[in-house]
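Numbered from 1 within each chain, the chains take letters A, B, ... in sequence-line order.
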2 protein chains.
Amino acid sequence: MIEVMSSPAYGEPMTGYGQFCAVARALEVLGERWTLLIVRELLMGSTGFNEIRRGLPRIPTATLATRLRTLEGAGIITGGDDGYSLTAAGRDLFPVVASLAAWASQPGRAEIRDDHLDTAALTWDIQRRIDLEAIPARTVVIEFEFTDRPGGDRRYWLHVGRRRVDLCRTDTGDEVSVWMCGRVADITDWWIARKTWRELLDQPGVEISGDRDLIHAMPTWFLGYALAS
Amino acid sequence: MIEVMSSPAYGEPMTGYGQFCAVARALEVLGERWTLLIVRELLMGSTGFNEIRRGLPRIPTATLATRLRTLEGAGIITGGDDGYSLTAAGRDLFPVVASLAAWASQPGRAEIRDDHLDTAALTWDIQRRIDLEAIPARTVVIEFEFTDRPGGDRRYWLHVGRRRVDLCRTDTGDEVSVWMCGRVADITDWWIARKTWRELLDQPGVEISGDRDLIHAMPTWFLGYALAS
DNA sequence: CGGGATCCTTGACGATACTG
DNA sequence: CAGTATCGTCAAGGATCCCG
């Protein structure tokens, strides 16, 4: 048998695109499901396997493991003792991720639907975008309550201090300084800069209570969604 | 039955990512296999179904039909009597395509392998990047011969004139003014600007023969790969 | 010839359970 | 914490045929 065709045989998968075009070659590496979102997590500073999972609550562990190995093979990340980190080639993917975000952020492009709202992903993103410099000296506990969510996805406790930030899904018993209640959609809209802090407070169902001074200072603590336009 | 989980039931596909992140929302629309390459074809000026296919020789027709409908539903293209065309949202995808190309064009990122070389895709891209202004008044026929390819993929005839360009896979009998012979890899390297015209001519196995004056003028006719860095 | 629809096969993806 | 093992489903891929 002499194989003349360069196309794969029947039933054989065509993994690549068979194109010299740089877009096609890029997509052979980056185009698989989840891959660019994993890169986004690494760009945001995650390094550990489960740290990445917290940013991508719905990724199957097997898929994440496979993708990390593919990215390593492509020279985009390296895996060491202290977790995964981007290589120079990986850091250079920021413009790709940013241009996708910029496109989707325009009105009427890829509107936010209910199934995009996830309290775990949201609070995890908030947790890593806190301005430690702006936080008061003593550790503060902020309780988030998503009033349109059931038990497990409803309440989160954010422990913020000068040195570190911790996100908990259980009440540790530490005194809560500020409560923030509202629907996921409204708080998400504020986070991605589609609503200002004022507009958020004016939403029906949104309420912030607790220490007056802290509430006044709070808006400066949050850096907001990193890829907002 | 009360569905508490927002995750799909067993066996049901999880089409989305369940993320508010703009990157995830963009990829829900654009992240499927072939989609961004179809957008690239449209950005390059293709409008017809089979015109897109010529730029993507390996896409299954069923997949192309499905993708076009998805893109239409997402407001990225519109389908009319004179074929498909990009909407404003679609044209705004240029930075996404360009950033992917720029990333892959850097050395050591996504190297060109043998299975990326496709004479059909290459000649088709050459054909649409001809500077009609630079072409001589009379129609000229250029014959490409890829010396490392068998029968069907070996010879192409490019008929170029002030008004139009035609790419043929058969000899129409029209007098050939210039022959261009070489291996696919070398001619591709020239096309994507990894080799200059001079360097191409110096490659072993590359030969250009025919009308001296035309050969001298030729380099200015070709605009080169549109997404070269 | 442009623009598909249809049939069939395979493997990528997702869910769940289990392990060093 | 960081995966592997197993299994089920569905979409991608290839070939063929159809229609105006």
*Rounded to whole angstroms, how far apart are CG on L64(A) and P on dA15(C)?*
14 Å
_Please pick, from dC13(C), dA5(D), dT6(C), the nucleotide with the shortest atom-to-atom distance to any side-chain atom of A62(B)._
dT6(C)
Please list, pair by pair, any protein nitrogen or oxygen found under 3.5 Å from a nitrogen or oxygen in nucleotides 17-20 of chain C.
none

_Member of T170(A), I126(A), T123(A) meeting the side-chain contact (heavy atoms from CB on, under 4.5 Å) criterion with Y156(A)_ = T123(A)
_DNA chain C-proximal residues of residues 40-54 of chain B, any heavy atom under 4.0 Å_ = G48(B), F49(B), N50(B)
*No-hydrogen, no-angle side-chain donor-acceptor test under 3.5 Å, E111(A) and H116(A)*: no
_Phosphate OP1/OP2 of dA12(C) contacted by W34(A) side-chain N/O (<4.0 Å)_ = no
*State which residues pass side chain to side chain donor-acceptor pair (under 3.5 Å) with W157(B); sequence neighbours excluded, sorted by chain then number.*
E143(B)
*Sequence neighbours excluded, which residues qualify as side chain to side chain donor-acceptor pair (under 3.5 Å) partners of D131(B)?*
none
*Would you tell me if any nitrogen or oxygen in the side chain of R58(A) comes within less than 4.0 Å of OP1 or OP2 on dA15(C)?*
no
*asked:* Just the rounded figure in Å: distance from C1' of dC13(C) to OH of Y17(B).
replied: 11 Å
*Which nucleotide sits closest to the side chain of R69(B): dG14(C), dA12(D), dG4(C)?*
dG4(C)
*Rounded to the nearest angstrom, tell me the gap between atom CG in L68(B) and atom C1' in dA12(D).*
16 Å
_Any V141(A) side-chain heavy atom under 4.5 Å of L158(A) side chain_ = no
*How long is the line joining CZ of R33(A) and C1' of dA15(C), in whole Å?*
14 Å
_From dG4(C), dT4(D), dG14(C), nucleotide with atom closest to Y84(B) side chain_ = dG4(C)
_Where at least one partner belongs to residues 97-107 of chain B, residue pairs that pass salt bridge (Lys or Arg N to Asp or Glu O under 4.0 Å), sequence neighbours excluded_ = none
*Send over the distance from L56(A) CG to dA15(C) P, rounded to a whole Å.*
13 Å
*Heavy-atom check, side chain of R129(B) versus side chain of Y225(B), under 4.5 Å*: no
Expected list for residues 75-86 of chain A: side-chain donor-acceptor pairs under 3.5 angstrom, two or more places apart:
unit_1: T78(A); atom_1: OG1; unit_2: S85(A); atom_2: OG; d: 3.4

*Report the distance from atom CD of E32(B) to atom C1' of dA12(C), rounded to the nearest whole Å.*
13 Å
*dA12(D) P sits how many Å from L27(A) CG, rounded?*
15 Å
*Does the ring centre of W179(B) sit less than 6.0 Å away from the ring centre of F144(B)?*
no
*Between I38(A) (CD1) and dG3(D) (P), how many Å, whole number?*
12 Å
